[in-house]
Each structure stands twice: as C-alpha cells, then as structure tokens.
Amino acid sequence: MKPSVEIHINGEKKVYPAGVTPRDILRDNGIEDSRDMVAADLNGHAVDLSTPLTESGPLNFISVRSAKGLEILRHSTSHVMAQAVQELFPDVKITIGPAVEEGFYYDFDTPRPFTPEDLELIESRMREIVKGELPFRRIVMPRNEAIGFFQEKSETYKVELLDQIESEEVSLYAQGGFTDLCRGPHIPDTGYIRAFKLTKLAGAYWRGDERNPMLQRVYGTAFPSHEDLKHYLHVLEEAKKRDHRKLGRELDLFSVSDDVGPGLVIWHPKGALLRHLIEEFERREHLKRGYQFVIGPQILKKDLWERSGHFDNYREQMYFTTVDGVDYGIKPMNCLAHMQVYKSKIRSYRELPLRFFELGTVLRHEKSGVLHGLLRVRQFTQDDAHILCTPEQLNDEIIGIVKFVRDVMEIFGFDYTMELSTRPEKSIGTDEDWDRATTALEKALQDLGAAYEINEGDGAFYGPKIDIKLKDALSRSWQCATIQCDFTLPERFDLTYVDSDGERKRPVMIHRVVLGAIERFLGVLVEHYAGAFPLWLSPAQAVVMTITERQNPYAREVVERLKAHGVRVEVDLRNEKIGFKIREARGQKIPYMVIIGDKEMESGTIAIRKRGEDSTAGMPVETFLKQFDQEVENRS
RNA sequence: GCCCACGUAGCUCAGUAGGUAGAGCACUUCCUUGGUAAGGAAGAGGUUCACCGGUUCGAUCCCGGUCGUGGGCUCCA
C-alpha cells in the first residue's frame, strides 16, 4: 500500500497519497484563491504550495492578505531584487534580505555604491522578472554541498552564514538563474508579485557590527495590490505632515541653528511655554508621589566621574572642561549629584525610600549621524529621579514607577511597548548583583501583568533596565521612560543606611525617568497630536478676532476678561477679512477662536468656533469660561 | 562615526550648454471695513546661490574638501 497522509482541512479530514502538495489540495477542495494563497501552514510550520507533504495534520492556506502572507510576499520580492541586482551588476555579492515591518531590504557588497538611477534600473529589471513568472524552486542539500556551491560563486557572505548553521541539511531557493540560501517559504512564482517599489538606499554594516565592512542596503516594499501600495504611500505622505520638525517651524515652537551648533535646541516662546506646562505637570505629579526636589550642578570634578565608572565606560559621550587647573566633567547624567545629597548625612532605614527628583539638564556628545530634530539632541533635560531604598523595598518601588509611567502615558493617550534589557558586554558590577537586579525588574513586570520583551545585552553599563518606547509619526521607536536598577554605584560611593539592628547596610539605587528627555517627549508629543494639542497643553488656547476695526475696543475688553481668568489668549485685530484670520488660526491649530462682530458687540456675547468644527456658537463670556475650565480639568 | 542624497530670500521651491538670480507665501506701506479656509496695489528683502579651495577669461552651476540637514547603519533619553 502507498503511504498516505491525513490532512485536516475546512473542518474535514481527508486522506491523500504522501507527496501531495498544498497546491493539489487547494485544487482538490475547489478553493477559489485567484492567486491570493501564497503558501500553507501544516502543523504550525509554513510550507510552499509546491512542497510534497509527508506529514499528517491540519493544513491552512496563507493568504497574501494576512500578516504572514504579506511577509512571504515581501521576502520573495527581496529575492527578486537580489536577482535583478546580480543580473545588472555581476560583481555584487549577496548577503541577507529579510522582510521587515514595512517591506523588505537586501544588503549587497558592491565595489561601487548604488545611485538613485541604479534603483530605477533595478526596479525595471525586477518588473521583467515578475512578468517572467519564474517559479521559486526549493532545493534541499547537505550543508557542505551548499558551502561548495556558494564558494564556487564566490559568495563569501553566504559561506560565512553556512559556516555558522548547525543543521546538516539546508534549503536553497532558486528562481531563474538566481539561487539564495533561504529557509522559505516563498510564493509559487515571481508573477505573484503585483505591486512593489524600491524606497530607499542606505548603508548598513555586515551583521550590524560597525567593525565589519559597510554594505549597500536597498529598501523596498510590496503589497497585494496597487491600491494597497498607493494607500501606503499616501499614509507616508500624511505622516510626514506630522513631522515635529515641520510642525515645530510652522507652529513656531523651536529651531536649531548652524550658528549655535548641531543638536542644540533653541526654544521659541510657544515651545518654551509648552515645555513649561509639561514641566509644571511633572512637578505636581512627582510631589503627589512622594518625590523630593533636588538640584545638582552642571559640572562635577572628573575624579567623581572616574569613581562612578562613567569615565571608563561613558567618556566618549562626555564633554570635559578645566577650571583653575582642575578637570571637570559636564554632567551626562544626574545621578552623581543625587548621591551626594544622600551622602550629606547619615541615613536611617526609617527615611527610606528616598526619592530625589530633578528636571536635570545634561549634555551628551552624540555621534553626528544620529542627531534628529528634538528626538536626538546633545543637550536635553530629563525628568530624572534616583530612588534609594532597602533591597526589600525594591520590588514595590519598581511597581510604583511602572504604575506612574502607565498613568502618565494614559493621560497623553500614548501606546507604548516595554522592554527588559539585560547585561551588556561593557559593564561594571558582579554577576550576582546583575542577577538580583534583573530578577527584581522582571518580577515587577510580572506582578503587574505587563507585556514586555527581553532585550539581551542592552542594559546600561551599571545595571539592567526596563525601557518604555513610544513611536513617532513614521513609526520609529524612541525610548522615553526607563527604569534602571543599580547595585554598583551605591557600592562605589559607599552609600549606607543604619538598619533597625544598628548595622550599616547598603541601599539599592533606582535610576528612572518617566517622560525621559523633555525634548524627545515633546517631539513625539507634537507628532502624536499632529500639533493640535489638547486645551490644557496648548500654548495659545484661544484667539480673539474681530470682523472689522469697529469691534476692537470690545474685543480688547473680552481679551482682558479671558486673560484675567487665566486663559492663554492671543488677539488678532488686524485689518484683514475674517476668513483670512480663521485660516491662520486653523493653521496654528488654536483650540478656540473667539469671533467678534457687531452682533456680538451689541448683545455683549462672543461667538465661539472650536478647533475642528465649522460652525460657531454665540454665548456670554461666562458660559465659555465654564466650558473652558471643564475641558482643561478633563485634560481632553 | 559610517553609507547615500541634499544645501538658492524668513518658509516652500524654480533656475542658468558655466556669462555675477526668480516665483508664491511671509514682511513693510497704502487702498479696502469685509461675518467663518487666502480682498487689492506698491515696496523692501539674497554680504550673489552653506563654507573653503581648484579648473576656467569667467562658477550658484564642473571637480575636491569642510560644515550642516535628511534617510539608513551603529549607538542611545
């Protein structure tokens, strides 16, 4: 009897001869797919439609409209791109080319970097390959044979990858004359690729290590249909309109100047006001939670940075200066001063936990290539605190901080992700301390039932950390809040407290920020709200505007009343038509327009036009103020 | 720091087989006093096209370098 397999499909169990392919089953079951099914899933692992099946189990087809299917489509498109590149530039060596969140890329080692013109060339060659409907063929061979195959082709990067693969058998995929080492699965043939576009050109280090040679990375994206691609490009255009660098200029919040220097932010009146509002909010929230304000100096003696380990581990990021022949380090972090506050007297266990808070301005020498608007700068102010507590209090303190962060993120309506970062290569402290700290952080996350990912080797040099990341308009992640455990600095600075048994013991230190850097947070915040800040945060909350100059005296009266009530109000009495004034106020995204004409003047009212609405409502000033206060109160 | 691209008026951008620059908006003045997304006219505005050097009779334009910006990589709040 021929061996057979039992396949569960559409809620039925069907028996097929072994070696049947998913494509056969697709046809057999009359599934209408109009080439939407790109692969299949058998027993939880993805297979090609052409893979002969030798196992029984549930089979599901993977549609190109599913996340997994889209990933397969994009991955296959990256192979097609590599094929096009090799056909056009035979001396290019291939490396790796995965699907990523918004598309795919492929890294090439090329003697001459690609130009934008090359991209067009590659794209048109890809279109030919797609038109050719070349089948993707899966080839399984022993690892050694594959090594020989790629050696022959001088594909040294592939050989290097194969050298590190453990299994004895590997799979290759070939379409046309192009063969790549690959796990698969892939779409059945290149004709399945419908809409794609090469998007950007970049440099990238081989295996992400800056000691390795730099490769040429070509990014692209692919979609099930041209409409989907068009939609994606449209969304991208819209996202660019939210860019905080663009809005920062348009709303006159801040600037950076060549004359001043890169990565140094100049806050204009409205931006400075926004910052002030956020900082006030922060101070209140910290006081509520038992933090004490402290303030440290901007420069501290170099000896202190040597003692802390910053000099050894963080020197390249620091600025130094010399005063009266003594070397000082300009602070890149606030922890040293906070420890000095702790050390200023003998501490009792009764005082702990101590929570020292500072809106601390720090300077870090960031590499020139990483600076980015407000999101990556060289001088920034952290909402920084250092908590000193007993080891027993550690868990509760961490839980308190995570809750703090959650509360704040909710107020702003942010989605965020949490990551637990463990010990990096360059670090100080004992393994035992690192384990204790890492366990404490993880336990707090688990106690709270928070979702998190583990980031191996990404901790600070003095301890592991929990990072909270927010996304900008283009969905790039930025670290904002961070909670870092530290057993090392208390040791190095010999911090102690007297315990109930009269013994001197070592406190634990937690470094933490909630918003992170105010600059970065505001950058992300601008993009989050697309510049339309909620009332409580708007630098200008209302603008009073008149129809004609006749109403100016009355308008001034209204402005005074609003100001007296604490409304941040602007006034537009210019000799312009009302349509023009409204247009400008809309552009500035001011929450309330207060419009005054003869009608309002005569009835002693004001006409309110709310941001986002096209109509006005007439009311007495008092009525407006009531509504206004309510909205500020709700932070809506 | 590395790779690629870019750098013209406050902003958005045009431009010149290489012959010393233009538009719109914004700004100033005047006219207009107009009820919900741009009323009209005139004017001023670039140490001459980021900076430095080279090629050339002549460079904003070609070449090299520096600085800055953007997109990535590495790194990070």
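Order of the sequence lines sets the chain letters (A, B, ...), proteins ahead of strands, with each chain counted from 1. Not measured: the values here are computed from a predicted model.
A:L371 places its CG atom 15 Å from the C1' atom of B:C73, with the value rounded to the nearest Å. Going from atom CG of A:L247 over to atom P of B:U12 covers 13 Å, rounded to whole Å. The interatomic distance linking A:D472 (CG) with B:G71 (P) rounds to 9 Å, in whole Å. Rounded to a whole Å, the NZ atom of A:K367 is 8 Å from the P atom of B:C75. Computed from coordinates, the A:D598 CG to B:G34 P distance equals 8 Å when rounded to whole Å. Distance, A:E250 CD to B:G10 P: 17 Å, rounded to whole Å. Atoms CE (A:M214) and C1' (B:G71) sit 13 Å apart, rounded to a whole Å. As a whole-Å value, the separation of A:F580 CZ from B:G35 C1' is 16 Å.
The base of B:A26 is not paired with the side chain of A:E584 by any donor and acceptor separated by under 3.5 Å. Applying the 3.5 Å distance criterion, the base of B:C73 shares no donor-acceptor pair with the side chain of A:R207. With hydrogens and angles ignored, no donor-acceptor pair under 3.5 angstrom links the side chain of A:Y205 to the base of B:G72. Below the 3.5 angstrom threshold, one finds no donor paired with an acceptor across the side chain of A:E316 and the base of B:G1.
The side chain of A:S368 contributes an N or O atom lying less than 4.0 Å from OP1 or OP2 of B:G1. For A:K200 and B:G72, the shortest distance from a side-chain N or O to OP1 or OP2 is below 4.0 Å. Between A:R211 and B:G1 there is no side-chain N or O to OP1 or OP2 distance below 4.0 Å. Contact annotation: A:R476 side-chain N/O to B:G72 OP1/OP2 distance is under 4.0 Å. An OP1 or OP2 oxygen of B:C75 is reached within less than 4.0 angstrom by no side-chain nitrogen or oxygen of A:R364. Between A:H372 and B:G71 there is a side-chain N or O to OP1 or OP2 distance below 4.0 Å. Between A:K469 and B:C76 there is no side-chain polar atom (N or O) within less than 4.0 angstrom of OP1 or OP2.
Among the atoms of the strands shown, none is found under 4.0 Å from any heavy atom of A:K581. Using a 4.0 Å heavy-atom distance criterion, A:Q479 is classed as a sugar-phosphate-only contact. A:V377 comes within 4.0 angstrom of a base, heavy atoms only. Within the 4.0 angstrom heavy-atom criterion, base atoms lie near A:R376. At a threshold of 4.0 angstrom between heavy atoms, the contacts of A:G208 are confined to the sugar-phosphate backbone, with no base atom among them.
For the pair A:R74 and A:F223, the cation-pi criterion (under 6.0 Å, within 45° of the ring axis) is fulfilled. No cation-pi contact links A:R583 to A:F580, judged by a cut-off of 6.0 Å to the six-membered ring centre and 45° from its axis. A cation-pi geometry, defined here as NZ or CZ lying under 6.0 Å from the six-membered ring centre and within 45° of its normal, does not hold between A:R217 and A:Y106.
Taking only side-chain atoms of A:I595, from C-beta outward, the nucleotide of B:C75, B:G35, B:C4 with the closest atom is B:G35. Closest to the A:E576 side chain, of the nucleotides B:G39, B:G34, B:G72, is B:G39. Taking every side-chain heavy atom of A:R217 into account, B:C73 is the closest of B:G35, B:G1, B:C73. With distances taken from any side-chain atom of A:V370 to the nucleotides B:G39, B:C75, B:U33, the minimum falls on B:C75. Checked against B:U12, B:C3, B:C75, the side chain of A:R249 finds its nearest nucleotide in B:U12. For A:E210, taking side-chain heavy atoms from C-beta onward, the closest of the listed nucleotides B:G68, B:G35, B:U74 is B:U74. Of the candidate nucleotides B:C27, B:A77, B:U36, B:U36 has the atom lying nearest to any side-chain atom of A:I578. With B:A38, B:C3, B:C4 as the candidates, the nucleotide lying closest to the side chain of A:R583 is B:A38. Taking every side-chain heavy atom of A:P262 into account, B:G68 is the closest of B:G68, B:C4, B:C76.
The salt bridge (charged side-chain N to carboxylate O under 4.0 Å, His left out) search around A:R611 returns none, not counting sequence neighbours.
A:V524 approaches A:L470 most closely through the heavy-atom pair CG1-CB, 4.0 Å. Closest approach of A:P424 to A:F461, counting heavy atoms only: CG-CA, 4.4 Å.
With the nearest nucleotide of RNA chain B identified for both A:A460 and A:R609, A:R609 has the one nearer the 5' end. Of the residues near RNA chain B, A:G261 and A:Y219, the one whose nearest nucleotide (by heavy atom distance) lies more toward the 5' end is A:G261.
Here the separation of B:G7 from B:G64, taken at their P atoms, is 15 Å to the nearest Å. B:A9 and B:U47 are spaced 13 Å apart, taking the C1' atom of each and rounding to whole Å. Here the separation of B:U69 from B:A50, taken at their P atoms, is 16 Å to the nearest Å.
A side-chain donor-acceptor contact under 3.5 Å links A:D472 and A:W478. Of the N and O atoms on the side chains of A:E117 and A:T115, at least one donor lies less than 3.5 Å from an acceptor on the other residue.
Ring-base stacking between A:F380 and B:A77 is satisfied, the centre separation being under 5.5 Å and the plane angle under 30°.
Each of A:Q382, A:Q484, A:H386 was compared with A:H511 under the side-chain hydrogen bond (donor to acceptor under 3.5 Å, both in side chains) criterion, and only A:H386 meets it.
Taking a 6.0 Å sphere around NZ of A:K589, one finds it holds more than 12 heavy atoms contributed by other residues, nucleotides or ligands.
With A:S427 contributing its side chain and A:R423 its backbone, the two residues share no donor-acceptor pair below 3.5 Å.
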Query raised in the report: Dot-bracket for RNA chain B, 5' to 3', with Watson-Crick and G-U pairs under 3.5 Å, [ ] for crossing pairs and | for other-strand pairs: what is it?
Result: (((((((..((((.....[..)))).(((((.......)))))......(((((..]....))))))))))))....
